[in-house]
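To keep things clear, I will list the structure first and then write my remarks on it.
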Amino acid sequence: MTDTRFDPSQADGRWQRAWDEAGTFTADTGSAKPKSYVLEMFPYPSGRIHIGHVRNYTMGDVLARYKRMTGHEVLHPMGWDAFGMPAENAAMEKNVHPGGWTRDNIANMKAQLKRIGFALDWTREFATCDPEYYGHEQALFLDLYEAGLVYRKQAQVNWDPVDMTVLANEQVIDGKGWRSGAEVEKRKLNQWFLKITDFADDLLDGLSDLENWPEKVRLMQENWIGKSRGLGFSFDLSNGERLQVYSTRPDTIFGASFVAVAADHPLARCVAEESAEAQAFVDLCKRGGTTAAEIEAGEKLGFDTGITALHPMDKSRRLPVYIANFVLMDYGTGAVMGVPGHDQRDFEFATKYNLPVLRVVAAEGTDADAPFAGEAEAGDGRIVNSGKLDGMSVDDAIRTVINQAEADGWGEGKTVWRLRDWGVSRQRYWGTPIPFIHCGDDSGDTCGVVPVPRDQLPVTLPEDVDFSVPGNPLERHATWKHVACPQCGGEAMRETDTLDTFVDSSWYFLRFASQPDNRPFDPEEVAKWLPVEQYIGGVEHAILHLLYARFWTRALNRIGMIDVKEPFASLFTQGMVTHETYSRMAGGKTVYYAPDEISREAKRALLSADGGEVEIGRVIKMSKSKKNVVDPDAIVAQYGADAVRWFMLSDSPPERDLPWSEAGIEGCWRFVQRAWRLFGQVDDDATGEDKALDRKTHQTTAAIADDIEALSFNKAVARLYELAGAIDKAAPSASRTQAIRTMIRLVAPMMPHLAEEAWAMHGGEGLIADAPWPKVDPALLVEDEVTIAVQVKGKLRDTLTVAKGLAKEELEALALASDKVQRSLGGAEIRKVIVVPDRLVNIVA
RNA sequence: GCUGCUGUAGCUCAGUGGUAGAGCGCAUCCUUGGUAAGGCUGAGGUCGAGAGUUCAAUUCUCUCCAGCAGCACCA
């Protein structure tokens, strides 16, 4: 009755067209069904879909299809994070326009995604480089400006000399640009900022409600926001000035033996102006480097300024003031009190410069004069050697000191954040133009910085731009920036900075929910769809994108545009797809080979070109430099979409890395064919009941539903293997036919093309994509027989198959009646019998 | 250094206070009109190490070891 093999090269395209033509995956906002918004982080259109995208989108797709089958109206959209520097780099290298390059890439990638059969609502597709999209973004930016959440200030910025742009703090890694890897320079520029710090407390508090976010991500955001409480206070200095410091441990104030300021602290600069020696030290600190390795080995260094500071609570003491390399200017006030006894950094510093190490906290059961064991003691204890603080707990002492500082007026309790306002200015072409106009020279006689009037939005990018030299083409464009001031009509200049692309991705999920022409989104439709029920993406976005999106949602909430505060109810961060590497030493260098250049045997790998052996390297993240990449298009062409999807879901738990292997995809291909053969065995003439198989079918149905809801796709896959095995072994019966029909629906979210083909073959109504998830009979979930273990002295000697719920006494009698038990007892006296109903009998002799 | 995650078959992973499992791989054999194959059978495990609780620990508790990831002179 059936073809003997499933042919994806025929079936895949046929069903993909069928879904398109029926508009199967178009979300209906008017639907009365419960809604479900499933979203994967939209891709940057680099030109090719990466296998990591395939894994990410397959997970979301299985969930989306499953939700449809369980009666939900599903919104599962896709779009393009289309602004950014690669397009400009391509423009410079290949002399193509960033827009054209991006459009071509999008067309390519969209075709690739379609070939994998994702259940996406393509009617809502957009790219962030569409003027309609970024025009609305400009309007939102003006809204936030009017609400006081956007401001401009001169700020020292991280300047990437290769990309010729400003980088956010988060984009500087170990002092180098995150993209270019170039050493970052400090420059002062007028920059646009978003007031994310206004929401610092709320963003932090909100984390505790995000129960369906990975603990790891919440922790990373918490650390990033970095809230700390302490005492801000000032020292009176011997040069007549005052020095502000911040400490989270004011309880240890009597243990202070020095004060230290950062090398770029105003006081340090002041000292350096008068002392060549100090200047030399400041220069040394700046060259000091900030990489992890350097910090690791980093010795604490200081320069004694000769200035002294008066201890605020013990006027008999003056503390030396140092410039120190371990004090950071951009945290707190850039100056600290050094308490060597109870801070490891201060301890190392004091040891080096022979400063007193005072004990002011004594741990439980230790002496007030106990010596230090070569390191600082940062732990809890009672306060000692601190005058009237003596005997207090650390917490009490902190409160007492803060209270006294406030009462005496030399300091106050203070909360310090690590989080800074978000600098969004980028000196690039391929981004959203910032909708402002500069009238005159900011001297005050002219209008200054003026918002672009709403009716002139969007401010679009000029098409005729020149990328032959580095820097910002908007800046040097002949006409684009020259405009009339909207207020006075005089000559004025457009802002030539564009927005950080993280702004684009901070609200795209709202635009997916609704896309009116005349405004960014329709609040009512947003209210219907949001929050995103399940968001899936890479953990590399744990801080930046996710924090910014949370911030934008809150900001739009504050100005009354939307009701939600948290955009993503559940977050899932999937693991990477990895692959072993193949390499060989040649001419003193390691040369890598791509998987398709290799023929892989059980224990070795041979290079197809010359038949010689190559070294099999570790299984690592796929990267171009190691050549351990596989091309989704090629494998889909070879094995069909369903086998590739199946591989993406099987083996590894989704949050962990998935090692790609040739053997693995071959196995998936075979299972697709095995399932196809099984589905061909539907026999509507078969009669008779197979209770055990019925149970297995219903148990599997229930378990897979749970697995998919929990995104445990690898477990669902394992259960389908089991079910296939059980059906294979079962004799023909009505139950078996039913099991096969059920299994077709169970695989539908994962192998949709195969499932449609089988569904059609067996006369299923409509598309299986619209079919309901199989019903579960709760009565069939429980077994009525159980296998009991019989142990003698803790060792298994026999098993018994008995009715479920059999009484203890009967179990004991049955166990003692066993020959095997009697033999292993060998006539020994029975001391005790432990009976656990439905589990085991243990006879202790 | 701090935090988190992970250690179960050759590989990738399920699982459980009471009989240790799946897929792939491997070995033997069968079929060659399911053939870019299909099937039978089998080998393979100190459940990371140690201690504790228990009649019974791979599972619970504690300590340690290893691997991976993130953060890191944040006062």
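- For Phe713(A) and G23(B), the CZ to C1' distance is 19 Å, given to the nearest whole Å.
- Between Tyr721(A) and G23(B) there is no side-chain N or O to OP1 or OP2 distance below 4.0 Å.
- Atoms CD (Glu722(A)) and P (A14(B)) sit 14 Å apart, rounded to a whole Å.
- Ion pairing of Asp346(A) with Lys300(A) is absent here, as no side-chain N (NZ or NE/NH1/NH2) approaches a carboxylate O to less than 4.0 Å.
- Distance noted for atom P between G38(B) and G23(B): 14 Å (whole Å).
- With distances taken from any side-chain atom of Trp669(A) to the nucleotides A75(B), A36(B), G25(B), the minimum falls on A36(B).
- In the model, Ser650(A) has no side-chain atom that pairs as donor or acceptor with a side-chain atom of Tyr721(A) under 3.5 Å.
- Checked against the 6.0 Å centroid criterion, the rings of Phe349(A) and Tyr322(A) qualify as a close aromatic pair.
- In this structure, G67(B) is classed as anti because its glycosidic torsion departs from zero by more than 90°.
- Taking 4.0 angstrom as the limit, Arg418(A) places none of its side-chain polar atoms (N or O) nearer than this to OP1 or OP2 of C71(B).
- Ranking C73(B), G39(B), A36(B) by closeness to the Arg345(A) side chain, first place goes to C73(B).
- Protein atom CZ of Phe647(A) is 12 Å distant from nucleotide atom P of G25(B), rounded to whole Å.
- Considering Phe254(A), Trp410(A), Phe233(A), Phe258(A) as possible partners of His311(A), the one that fulfils the ring-ring contact (aromatic ring centres under 6.0 Å, His included) test is Phe254(A).
- Comparing the same atom, P, in U46(B) and in U58(B) gives a spacing of 13 Å after rounding to whole Å.
- Within 4.0 Å of Asn223(A), counting heavy atoms only, lies no atom of the nucleic acid at all.
- Atom CG in Asp346(A) sits roughly 10 Å away from atom C1' in C73(B) (whole-Å rounding).
- G7(B) and A43(B) are spaced 27 Å apart, taking the P atom of each and rounding to whole Å.
- Nucleotides C24(B) and A56(B) place their P atoms 40 Å apart, quoted to the nearest Å.
- Separating the P atom of A14(B) from that of A72(B) is a span of 30 Å, rounded to the nearest Å.
- For Pro659(A), whose side chain is taken as the heavy atoms from C-beta onward, the closest listed nucleotide among U12(B), G34(B), A75(B) is U12(B).
- Atom-to-atom, CD1 of Ile323(A) to P of A75(B) comes out at 22 Å; the value is rounded to the nearest Å.
- The CG-P distance, from Asp728(A) to G38(B), rounds to 12 Å in whole Å.
- Residues that satisfy the side-chain hydrogen bond (donor to acceptor under 3.5 Å, both in side chains) test with Thr197(A), not counting sequence neighbours, are Asp421(A).
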Under the 3.5 Å Watson-Crick or G-U criterion, the dot-bracket string of RNA chain B, with | for inter-strand pairs | (((((((..((((....[..)))).((.((.......)).)).....(((((..]....))))))))))))....
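- Within 4.0 Å (heavy atoms only), Gln638(A) reaches at least one base atom of the nucleic acid.
- A ring-centre distance under 6.0 Å is found for Trp660(A) and Phe647(A).
- Counting to the nearest Å, the C1' atom of C2(B) and the CD atom of Glu222(A) are 14 Å from each other.
- In terms of polar N and O atoms assigned as donor or acceptor, the side chain of Lys715(A) never comes within less than 3.5 Å of the base of C13(B) in a complementary pairing.
- Across all strands shown, Val327(A) has heavy atoms under 4.0 Å from base atoms, whether or not it also approaches the sugar-phosphate.
- Interatomic distance, Leu720(A) CG to Thr700(A) OG1, rounded to the nearest 0.5 Å: 7.5 Å.
- We find that CG of Leu723(A) is positioned 13 Å from P of G23(B), with the value rounded to whole Å.
- Comparing C47(B) with G21(B), their P atoms sit 14 Å apart, to the nearest whole Å.
- More than 12 heavy atoms of other shown residues, nucleotides or ligands fall within 6.0 angstrom of atom NZ in Lys414(A).
- Each of Arg670(A) and Ser247(A) has a nearest nucleotide on RNA chain B; the 5'-most of these lies closest to Arg670(A).
- Note: Glu215(A) CD to Leu207(A) CG = 10.0 Å, rounded to the nearest 0.5 Å.
- The phosphate of G4(B) (OP1 or OP2) has no side-chain N or O of Arg656(A) nearer than 4.0 angstrom.
- Across the interface with RNA chain B, nearest-nucleotide mapping of Leu219(A) and Pro653(A) shows Leu219(A) to be the residue nearer the 5′ end.
- A57(B) and A20(B) have their C1' atoms separated by 13 Å, with the value rounded to a whole Å.
- Separation of the P atoms belonging to U53(B) and G15(B) is 29 Å when rounded to the nearest angstrom.
- Residue Arg674(A) places none of its side-chain N or O atoms closer than 4.0 Å to OP1 or OP2 of G23(B).
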